[in-house]
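The first residue of the sequence shown is numbered 1, and numbering continues consecutively from there.
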Amino acid sequence: MNKFMKLSGIAAAVSAALVLTAGSVQAYEAGDFILRAGAATVDPSVDSGKLKANGSTVLNAGAGGATTVDVDSNTQLGLSMTYMLDSHWGIELLAATPFSHTIKTKGDLGSLGKLADVKHLPPTLTVQYYPMASDSAFQPYVGAGLNYTTFFDEDFKGSNKAAFRSLELDDSFGVAVQAGFDYALTENLGVNAAVWWIDIDTEATFKHATNGTKYKVDVELDPLVYMVGLNYKF
Ligand code: NI
């Protein structure tokens with residue numbers, strides 16, 4: 001829930017900024033395309049299930065509790081394209097160069113440290129609402145839609161390459177919400193900042209290389225995705 005509150009906070013800040021805005025250099029109208037490009041960061045808010053080995057929880061002898069995993073953040077080139085249905089409604093597709101994340105174990109397999117690297121692509125389709133008048137230079141927006149995330153190039157790191165094999169992460173399909181704004185610098189060019197909250201849940205499975213033990217862990221990644229860059233309207 002706090003994710004939605006963060007987004008509401010951003011939306012409120014954007015609304016407050018509207019008051020300071022004047023000018024009419026950019027018109028958002030039906031049929032317009034808005035291309036946005038910038039640095040996109042996927043920052044997972046990891047909620048790891050317990051690592052299971054052949055169905056049994058892998059305990060964490062050192063700290064107590066169970067063995068879990070963590071996933072770091074990554075920044076790539078983000079690209080998005082909005083098609084305006086009219087002056088207030090648009091449809092946006094978010095794309096990016098593949099994100100690469102490192103999975104770390106915590107607990108009894110913590111000695112393995114950085115377990116594996118995995119890449120993913122998180123295409124996200126949202127319906128967007130632009131509340132401002134068509135000719136406002138400042139165009140905040142909110143959106144909601146769906147995300148599909150596919151994982152690939154799952155590779156164990158270092159000595160774990162020899163210890164384990166067959167790492168796979170299930171694809172994820174979930175909701176996405178977003179808030180952002182464009183600010184026009186010229187008739188076609190402007191600056192953009194946007195944030196998404198995306199529900200990405202997956203199940204990771206892998207095997208021990210020699211004794212065949214099957215490992216499994218459910219992981220909620222549920223990242224915030226930030227993008228800051230430029231927009232071009234045509
Ligand atoms: Ni989730």
Side-chain angles (χ1 to χ4, degrees), residues 2-45 73-101 120-149 175-198 200 223-234:
N2 61 340
K3 297 285 168 38
F4 289 99
M5 290 172 74
K6 270 186 205 171
L7 288 178
S8 311
I10 290 163
V14 164
S15 305
L18 296 182
V19 179
L20 306 172
T21 305
S24 56
V25 289
Q26 194 172 28
Y28 279 14
E29 287 160 355
D32 285 349
F33 286 96
I34 303 151
L35 176 68
R36 303 182 178 95
T41 299
V42 171
D43 188 13
S45 173
S73 65
N74 186 242
T75 300
Q76 293 290 333
L77 171 66
L79 289 170
S80 83
M81 178 81 88
T82 289
Y83 176 74
M84 296 303 291
L85 301 170
D86 63 22
S87 60
H88 292 294
W89 292 93
I91 295 176
E92 183 191 55
L93 180 65
L94 169 69
T97 50
F99 292 93
S100 178
H101 296 269
H120 73 91
L121 279 174
T124 303
L125 190 69
T126 48
V127 175
Q128 301 175 311
Y129 177 66
Y130 295 75
M132 295 295 281
S134 158
D135 62 354
S136 170
F138 195 80
Q139 290 286 351
Y141 54 88
V142 291
L146 292 170
N147 164 266
Y148 172 74
T149 295
V175 299
V177 292
Q178 69 168 164
F181 69 85
D182 295 321
Y183 185 82
L185 301 174
T186 72
E187 193 178 334
N188 297 103
L189 193 67
V191 292
N192 170 258
V195 59
W196 291 253
W197 177 83
I198 306 178
I200 303 177
L224 283 175
V225 179
Y226 309 93
M227 189 164 107
V228 177
L230 298 173
N231 70 67
Y232 185 79
K233 183 181 75 79
F234 58 97

Quiz prompt | Contact list for residues 76-86, test salt bridge (charged side-chain N to carboxylate O under 4.0 Å, His left out), sequence neighbours left out | solution = none
Quiz item: Any side-chain heavy-atom pair from Met227 and Val195 closer than 4.5 angstrom?
Solution: no
Quiz item: For Phe33, which residues count as a ring pair (Phe, Tyr, Trp, His ring centres under 6.0 Å) partner, sequence neighbours excluded?
Solution: Tyr83, Phe234
Self-check item: Shortest non-hydrogen contact between Asn231 and Val191, atoms and distance
Solution: ND2-O, 3.2 Å
Quiz prompt | All side chain to side chain donor-acceptor pair (under 3.5 Å) counterparts of Asn74, not counting sequence neighbours | solution = Gln76
Exercise. Answer yes or no: is there a side-chain heavy-atom contact under 4.5 Å between Met84 and Tyr130?
Key: yes
Practice problem: Determine yes or no for a side-chain-to-main-chain donor-acceptor pair under 3.5 angstrom, with His88 supplying the side chain and Tyr129 the backbone. | Solution: no
Quiz item: Under the side chain to side chain contact (heavy atoms under 4.5 Å, CB included) test, which residues partner Val127, sequence neighbours left out?
Solution: Trp89
Quiz item: Taking atom types as modelled, is there a side-chain donor on Asn192 or Tyr232 under 3.5 Å from an acceptor on the other?
Solution: no
Quiz prompt | Contacts of type ring pair (Phe, Tyr, Trp, His ring centres under 6.0 Å), residue Phe99, not counting sequence neighbours | solution = His120
Quiz item: At what distance, to the nearest 0.5 angstrom, does OG of Ser87 lie from OH of Tyr28?
Solution: 12.0 Å
Quiz item: Between Thr124 and Ala176, which heavy-atom pair has the shortest distance, and what is it?
Solution: CG2-CB, 3.5 Å
Practice problem: Report yes if the side chains of Pro223 and Ile200 come closer than 4.5 Å at any heavy-atom pair, otherwise no. | Solution: yes
Exercise. List in chain and number order the residues that pass side chain to side chain donor-acceptor pair (under 3.5 Å) with Thr82, two or more places apart in sequence or in another chain; answer none if no residue qualifies.
Key: Arg36, Gln128
Quiz item: Looking only at atom types and distance, does a side-chain atom of Thr97 sit under 3.5 Å from a main-chain N or O of Leu77, one as donor and one as acceptor?
Solution: yes
Self-check item: Minimal non-hydrogen separation, Gly145 against Thr126, with atom names
Solution: N-CG2, 3.7 Å
Self-check item: Nearest-0.5 Å distance that lies between atom OH in Tyr141 and atom CD in Glu92
Solution: 5.5 Å
Practice problem: Please check if the distance between the ring centroids of Phe138 and Phe181 is under 6.0 Å. | Solution: yes
Quiz item: Has the side chain of Ser136 got a donor or acceptor atom that lies under 3.5 Å from a matching backbone atom of Gln139?
Solution: no
Practice problem: Only counting residues at least two apart or in another chain, list the ones meeting side chain to side chain donor-acceptor pair (under 3.5 Å) with Thr41. | Solution: Thr75
Quiz prompt | From CG (Leu94) to CG (Leu79), nearest 0.5 Å | solution = 8.5 Å
Exercise. Spell out, as yes or no, whether a donor-acceptor pair under 3.5 Å connects the side chain of Lys233 to the backbone of Ala27.
Key: yes
Exercise. With side chain to side chain contact (heavy atoms under 4.5 Å, CB included) as the test, would you mind laying out the steps for Val177 and Trp196 before giving the verdict?
Key: CA-CA 6 Å; Val177 292; Trp196 291 253; over 6 Å; no
Practice problem: Starting at CG of Asp43, measure out to CG of Leu224 and round the result to the nearest 0.5 Å. | Solution: 6.5 Å
Exercise. Decide side chain to side chain contact (heavy atoms under 4.5 Å, CB included) for Tyr183 and Leu185; before the verdict, give the C-alpha distance in whole Å, the side-chain angles of both, and the deciding distance to 0.1 Å.
Key: CA-CA 7 Å; Tyr183 185 82; Leu185 301 174; 4.2 Å; yes
Practice problem: Please list, chain by chain and in numerical order, all residues satisfying side chain to side chain contact (heavy atoms under 4.5 Å, CB included) with Leu125, sequence neighbours excluded. | Solution: Ile91, Leu93
